[in-house]
Amino acid sequence: MTPKLLKELFYRMLRIRMIEEKIADLYPEQEMRCPVHLCIGQEAVAVGVCANLSRADYVFSGHRSHGHYLAKGGDFKAMLAELYGKKTGCSEGKGGSMHLVDLSAGFLGATPVVGSTIPIAVGAALGTMLRGERRVTAVFFGEAAVEEGVFHESINFAVLKKLPVIFICENNFFSVYSPLSVRQPERREIFKLARGYGAPGFQADGNDLFEVCGLAESAVRRAQQGGGPTFLEFKTYRWREHCGPNYDNDLGYRTEAEFQSWKKRCPVEKLKKHLVKEGIFNIRDTEGMSEKIQKEIEEAIAFARKSPFPEKSLLMENIYA
Amino acid sequence: MTPKLLKELFYRMLRIRMIEEKIADLYPEQEMRCPVHLCIGQEAVAVGVCANLSRADYVFSGHRSHGHYLAKGGDFKAMLAELYGKKTGCSEGKGGSMHLVDLSAGFLGATPVVGSTIPIAVGAALGTMLRGERRVTAVFFGEAAVEEGVFHESINFAVLKKLPVIFICENNFFSVYSPLSVRQPERREIFKLARGYGAPGFQADGNDLFEVCGLAESAVRRAQQGGGPTFLEFKTYRWREHCGPNYDNDLGYRTEAEFQSWKKRCPVEKLKKHLVKEGIFNIRDTEGMSEKIQKEIEEAIAFARKSPFPEKSLLMENIYA
Amino acid sequence: MSRELKFFQAVNEATDQSMARDKAVYTMGLGVPDPKGIFGTTLGLQDKYGSDRVMDMPASENGMTGVVIGSALVGMRPIMTHQRIDFALLSIEQIVNQAAKWHYMFGGKRSVPLVIRMLIGRGWGQGPQHSQSLQAWFAHVPGLKVVMPVTPYDAKGLLISSIEDNNPVIFIEHRWLYNITGPVPEKFYRVPLGKAKVVRKGTDLTIVATSYMVLEAFRAAEILAGSGIHAEIIDIRTLKPLDDSLILDSVRKTGRLIVADTGWKSFGVGAEIIARVAEEALADLKSPPVRVALPDCPTPTSPELSRYYYPRAINIVAVVRQMLGMPKKKIVSGIKDISLDIPGDWFKGPF
Amino acid sequence: MSRELKFFQAVNEATDQSMARDKAVYTMGLGVPDPKGIFGTTLGLQDKYGSDRVMDMPASENGMTGVVIGSALVGMRPIMTHQRIDFALLSIEQIVNQAAKWHYMFGGKRSVPLVIRMLIGRGWGQGPQHSQSLQAWFAHVPGLKVVMPVTPYDAKGLLISSIEDNNPVIFIEHRWLYNITGPVPEKFYRVPLGKAKVVRKGTDLTIVATSYMVLEAFRAAEILAGSGIHAEIIDIRTLKPLDDSLILDSVRKTGRLIVADTGWKSFGVGAEIIARVAEEALADLKSPPVRVALPDCPTPTSPELSRYYYPRAINIVAVVRQMLGMPKKKIVSGIKDISLDIPGDWFKGPF
Ligand SMILES: Cc1ncc(C[n+]2csc(CCOP(=O)(O)OP(=O)(O)O)c2C)c(N)n1
Ligand SMILES: Cc1ncc(C[n+]2csc(CCOP(=O)(O)OP(=O)(O)O)c2C)c(N)n1
Ligand SMILES: [Mg+2]
Ligand SMILES: [Mg+2]
């Protein structure tokens, strides 16, 4: 990867981090009146995968989709306005944080029922193939989603039809407060499930941008060359509470120590150190980036705040096309 | 296996074969007014598996359940009366061929929605474990059932909880008229799917009683010793049409040659030849068996025919317990 | 003189002509390309349009519903087929949470042009899991449209309109209608969604019926005509959006309402129609409305029990006579009793 | 003086006492043993009864529903919990095809003693997929029972009766009821299924309400009382079997009916209740019955739209005034507008 690209990817990761933290700061104001699932700590997966996709490619996601939406190039102003329930939101305020969309960026949609966008992404891939388009479709989901039968139905069909779709599993070890131990067999590697279907399945450190990019690049190439689907499992960690702006290690479902060990492996810091070490940029550059992002965020907040709420007439609009 | 046992198992296979053929003969009379899915050609799986289960063990099945019901010791008279829609049927005529049950034989039920009894069987295994019982639960299903997401949800949970359940997949290559090639990835062995979950998975010739017994025996032992679930895939072949009494090779979804090649590998004939060769019995013995079974069948038919239909009042009975 | 087709042929032709006109239309379902072709409704289509546009599928109803939804989001117009509504229950989450809401929950950004054909099984011991008639469920869900054709003419015209509609349409076909014959123009034509139809004019009472029950209503009307009673019959055709103005007009005229539906009585179609009439035309009702529907129990398999389970023309007649205060009398439907568990001699089972 | 508990505590106590009395009772659901314990309703149970009887589960709603059904067939009495009805849609096939029909389709051989707790989400942008109120669906299915408690007293008594019932019971809890307080005896007691209750006596009209709408009906009745109008309020409590005799008696007395339900209007609960009244007590109706329910659109997320989506006391009052031919006037509910997307100040989101 060129220094220029690396800088750009770092910028994207930093931007997602700063946006999510700003949302966490503002959430207590109770103006964003919808559930939010922050992706702080998991930015590398979103950025690394989307860095290998073109704007024409499609992405779907689930409840924790802010990072995926932003990494794919989704309009940030429209996203924030959506969280504020405003008419200028990407879904006119009808969806909120759990229902983001930006067609112009190829982010076709995120919905929060666990696993349910997986077959929809596979279907989008089928559609592009039937239409003779050369797009790749990627779908992001958490490790709990592989517990849903629909995941298996989806990957079986994707392999059967050799569809250009990439399954990206962000394994952060928890489904809300439930550890993997109460949900999946011990020592059963998730990426190996995929192999059982005849789909190439790989696993890597989701906090290492380079590892993510490496696997994503070959998966995209495979899809483009008609090689069919790929399953990628990235181990990572959610820093904040499952849903909402706070930290929740005090609840006792995971240890503070475990959290700290993952915090030390912060994907943003990790990349920053590397780039500085490689002399690709210096701390001053990153400060410039922060300022630029800060400004963008302030503008988006102002936009979201001053935007109007959807008027009453919109309630019964767009029920049918 | 002792000669005595082998004779007994042959008798059970022959009995299922003769009963199914009799049903095929009588069906055109239009007195059995419900869909029937005959298991002619697949008798060895039912008999071989159930030979390793005790009466206290539980069995569930799907739409093609006659053989499983009979092999587990289900009451034949009650089954035939059920096909005739009579009050004396095992389900009082309310279920028909697709809804057989015989609690006294540990045949807890068969229902025809593909895959749907799989989680129910897993739940029965969980129940027996919670109750501290030492029963094993086995569930029979066709190879299309593994395409249902619920199969995966079920085996994931069975492995997670190390449940005493055995998954028996009768792979006869077709789902109605649809070949595996339009439903599952090429060269993707079904039993290997199970291994992806950490469940021991094996494959064998479903037309060879010895192979079936061998795998079933170790699976039952594993379950009894707390070793958890086992997945068994048996390749076999359905001789008659998917649903109904006739042959349907003329439809063209499979070749007459393929059918003939499987007919040559008839599980009943195969076992018979072996037993005769081993001098365990001679043809005359088998004739005696046929006569005995013939008599039993005639009695059951008479019973079913003369049994009363359920009266009107039964329509609104047993909706709630 | 006009060409006659059977109901299943009309469904086939509507699909065929829609696929010929629009490359985005494709069809998928268990057994769609097989030798039986969903009781003939999809026969010959794969030879004509290839295996890319006429697909079989794994027994994965839920996942495959998500798949057709996803394809619709990127420009395809899928037709999915389920041989029984009962099997489609595996895909409720995708239909109700995703397809029905997609257009609305994303502020109108995209929609899901999707037709899901579901068959209602009946007779020959279809039993508890092969016979459910859950149209009231789908009609309860905003974002879905629900269509139930009766005549071959409407089967073709309504299916074409459903395929051209930009929303998810649940298209429900009753197995016992497949063999009925009626005039069907060769040309490509539409019957608009959301429009009910007066299929028999009458003055004494209004029978609002769905799907196969329209035929039983006709038989009842014939019998009633013998006693000088003139029933008006309305074929609902589309349950959602529901064309209540036509129903209200008729009831305002006749003052009497019977709703004959193929589903269960409680919390079913009849309840909604009676409620709308009670809300809008209470004063016009000369007598209490009545529902003719399935009793609230699972479908029994035995042919003997199914005769008590499925209401028929004679039951409708009895209800009418009581409604009009006429003396009870034995009614003969004129139809061989065999039609209790099969629609006619052409139906020999097993499915 | 009697002890007071919050609704969620009453649910917890009913589960606790039932598990203490009967070893066959166990509970399973996503997050059941977690630190939040399904909004407190399952807190502390795992410590008391162990991880065999208080289980978390994989995100496999369909499969796990089959699992609890299977366990019920061999003697267990499972309580399954879904944090939203919306998620339970994945398990419809098991609930409707298997659990609801098992007893009937096998001629009464076994039954499925199973309670499935489902929560209705509302407010704080729950939005289209975390807020559905599909009780009308379950009430349409023979073999299921459907319960919707309102008071902490009933929550405990009805849950205990549901756990002791030998059939599958869909037990629907509204998120906005969790924090209401009411008297709840310490002792183990039952409130029978299938019995509605007159919770406020009145003479001028009957308001039949479900779940949270009973509270809005109360607020409306208070406001109406100010203008000398006396509304009788019936808390349905059990939708299936439906206690229509109590409803009919009340309507025969008042001659006026309003049905206030938490679900969508069309093909919903209101339709069934109006239909039964029209069938049985048409002559007693002095004015057309009216449904107060959700408009037929998906749930919008924006708080501003939810104010128009969810009907409240003032809407009921307006309907009543119109029904009685009273002049229109601006009605103030006396409740802070904040309660439009949260039940009260105690609710701070995000769930
Ligand atoms: C079908 C379904 N079941 C339950 C839920 C409730 N729920 C919301 S997010 C979540 C956790 C999902 O965990 P995972 O997939 O690992 O994603 P993560 O939150 O860890 O990013 C659950 C169970 C849901 N939204 N959908
Ligand atoms: C969920 C569901 N989908 C479709 C059907 C229709 N159907 C009945 S039997 C069958 C074939 C099942 O094939 P398989 O599981 O291999 O069993 P086999 O008939 O070969 O013994 C199908 C698709 C059904 N009963 N249930
Ligand atoms: Mg996770
Ligand atoms: Mg098969």
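Throughout, a chain's letter reflects where its sequence line sits, starting with A, and its residues are numbered from 1. Excluded from the calculations below are hydrogen atoms, water molecules and symmetry mates; all remaining heavy atoms, backbone and side chain alike, are included.
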**OP:** Can you tell which part of A:I319 gets under 4.5 Å to a heavy atom of chain C, answering side chain, backbone, both or neither?
**Re:** both
Original post:
Roughly how far apart are C:S71 OG and A:M129 CE, rounded to 0.5 Å?
Top reply: 11.5 Å
**OP:** Answer yes or no: is there a donor N or O on one side and an acceptor on the other, between the side chain of A:Y320 and the main chain of C:L144, under 3.5 Å?
**Re:** yes
Original post:
Below 4.5 Å, heavy atoms only, C-beta onward: do A:H99 and C:K101 meet side chain to side chain?
Top reply: no
Subject >> Heavy-atom pair count under 4.5 Å with chain C, highest-scoring of A:V122, A:T128, A:L103, A:N156 >> reply: A:L103
Subject >> Within-4.5 Å side-chain heavy-atom neighbours: C:F106 and A:L108 >> reply: no
Subject >> Any donor-acceptor pair under 3.5 Å from C:R110 side chain to A:G109 backbone >> reply: no
Subject >> Over 12 non-hydrogen atoms of neighbours within 6.0 angstrom of CZ in A:R305 >> reply: yes
Subject >> C:N62 CG to A:H152 NE2 distance, which is reported to the nearest 0.5 Å >> reply: 12.5 Å
**OP:** List the atom of C:E93, the atom of A:V113, and the distance in Å for their closest heavy-atom pair.
**Re:** OE2-CG1, 3.3 Å
Original post:
Do you know which of A:L100, A:L163, A:L160, A:L130 has the most heavy-atom pairs with chain C at a distance under 4.5 angstrom?
Top reply: A:L130
**OP:** Could you look at A:F60 and say if it's the side chain, the backbone, both or neither that has a heavy atom under 4.5 Å from chain C?
**Re:** side chain
Original post:
What part of C:M55 lies closer than 4.5 angstrom to a heavy atom of chain A: side chain, backbone, both or neither?
Top reply: side chain
Original post:
With a 4.5 Å heavy-atom cut-off, do C:L73 and A:I120 have their side chains touching?
Top reply: yes
Original post:
Can you say whether C:N167 sits under 4.5 Å from chain A via the side chain, the backbone, both, or neither, judging by heavy atoms?
Top reply: side chain
Original post:
Is it the side chain or the backbone of A:E317 that comes within 4.5 Å of chain C heavy atoms, both, or neither?
Top reply: backbone
Original post:
Is any side-chain heavy atom of A:P119 closer than 4.5 Å to a side-chain heavy atom of C:M64?
Top reply: no
**OP:** Measure distances from A:K87 to the heavy atoms of chain C and classify the residue's part below 4.5 Å as side chain, backbone, both or neither.
**Re:** neither
**OP:** List the atom of A:V150, the atom of C:G63, and the distance in Å for their closest heavy-atom pair.
**Re:** CG2-CA, 3.6 Å
Original post:
If you tally heavy-atom pairs under 4.5 Å against chain A, which of C:M57, C:M105, C:E61 wins?
Top reply: C:M105
Original post:
Relative to chain A, which segment of C:N97 carries a heavy atom at a distance below 4.5 Å: side chain, backbone, both, or neither?
Top reply: side chain
Original post:
Highest number of heavy-atom pairs under 4.5 Å with chain C: which of A:K94, A:E133, A:E148, A:E92?
Top reply: A:K94
Original post:
If you count heavy-atom pairs under 4.5 Å with chain C, which of A:C90, A:A321, A:G127 comes out on top?
Top reply: A:A321
Original post:
Is C:M28 close to A:L126 at the side-chain level, that is, under 4.5 Å between some pair of heavy atoms?
Top reply: yes
**OP:** Just give me the residue among A:A124, A:A158, A:G149 that pairs up with chain C most often, heavy atom to heavy atom, under 4.5 Å.
**Re:** A:A124
**OP:** Heavy atoms only, distances under 4.5 angstrom: which of A:G93, A:G123, A:G115, A:G95 has the most pairs with chain C? Name it, please.
**Re:** A:G123
**OP:** Tell me, for A:L315 versus chain C, whether the close heavy atoms (under 4.5 Å) come from the side chain, the backbone, both or neither.
**Re:** both
Original post:
Of the non-hydrogen atoms in A:V101 and C:K109, which two are nearest, and what is the gap between them?
Top reply: CG1-CG, 3.9 Å
